[in-house]
Amino acid sequence: AMGAEAWAGELAAWCARRGRPFLLTSSVMVFEGRPGPHRPDDPASTTDGYGAYKARCEAAVRAAHPAAIVA
């Protein structure tokens with residue numbers, strides 16, 4: 001569990017400053033539950049509260065650590 005999306009960004013930034021990898025496990029709910037495969041550059045498309053939360057976590061992580069892996 002990540003907690004607030006700001007926390008996901010802080011953890012990713014901590015790793016980025018130290019040259020460490022970061023992996024965020026997201027959710028298919030970011031894509032309204034549509035089955036994949038999904039590409040890293042596919043835009044989020046959700047109206048669900050949980051999916052929107054996970055999309056915000058993804059954005060915070062990518063902003064803080066461009067080399068992070070979002071799975």
Side-chain angles (χ1 to χ4, degrees):
M2 288 300 302
E5 53 267 23
W7 180 238
E10 285 296 320
L11 290 173
W14 186 92
C15 288
R17 287 190 300 270
R18 289 159 179 80
R20 295 185 179 173
F22 190 84
L23 168 69
L24 173 71
T25 304
S26 192
S27 170
V28 70
M29 295 308 296
V30 170
F31 303 104
E32 298 217 25
R34 292 189 322 265
H38 300 287
R39 295 181 180 93
D41 58 343
D42 286 348
S45 59
T46 186
T47 56
D48 174 82
Y50 180 73
Y53 157 73
K54 292 300 271 190
R56 290 190 307 270
C57 285
E58 287 185 15
V61 165
R62 286 189 172 115
H65 194 324
I69 298 169
V70 176

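Numbers here simply count residues along the sequence, with the first being 1. If you're wondering where the values come from, they're calculated on a predicted model, not measured in any experiment.
- In terms of the side-chain hydrogen bond (donor to acceptor under 3.5 Å, both in side chains) criterion, residue partners of S45 (sequence neighbours excluded) are, by chain and number, R34.
- W7 and V61 fall within the same hydrophobic cluster, where Ile, Leu, Val, Met, Phe, Trp and Tyr residues are linked whenever their side-chain heavy atoms come under 4.5 Å apart, directly or through other members.
- When every heavy atom of V30 is checked against every heavy atom of A44, the shortest pair comes out as CG1-CB, 3.5 Å.
- Here the closest heavy-atom approach between residue D48 and residue Y50 is recorded as OD2-N, 2.9 Å.
- Formation of a donor-acceptor pair under 3.5 Å by the Y53 side chain with backbone atoms of G3 is found in this model.
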Pairs of donor and acceptor atoms involving the side chains of residues 63-71, under 3.5 Å and at least two apart or interchain, shall be tabulated with distances.
| from | atom 1 | to | atom 2 | distance (Å) |
| --- | --- | --- | --- | --- |
| H65 | ND1 | A67 | N | 3.4 |
| H65 | ND1 | A68 | N | 3.3 |
| H65 | NE2 | R20 | O | 2.7 |

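- Nearest heavy-atom pair across P43 and F31 is O-CE2, 3.5 Å.
- Counting only residues at least two apart or on different chains, the salt bridge (charged side-chain N to carboxylate O under 4.0 Å, His left out) pairs with a member in residues 61-71 are E58-R62.
- Sorted by first then second residue, the salt bridge (charged side-chain N to carboxylate O under 4.0 Å, His left out) pairs that include residues 6-17, not counting sequence neighbours, number zero.
- Applying the under-4.5 Å side-chain rule to Ile, Leu, Val, Met, Phe, Trp and Tyr, the cluster around W14 consists of that residue alone.
- Remark: A52 engages T46, R56 in a side chain to side chain contact (heavy atoms under 4.5 Å, CB included) (not counting sequence neighbours).
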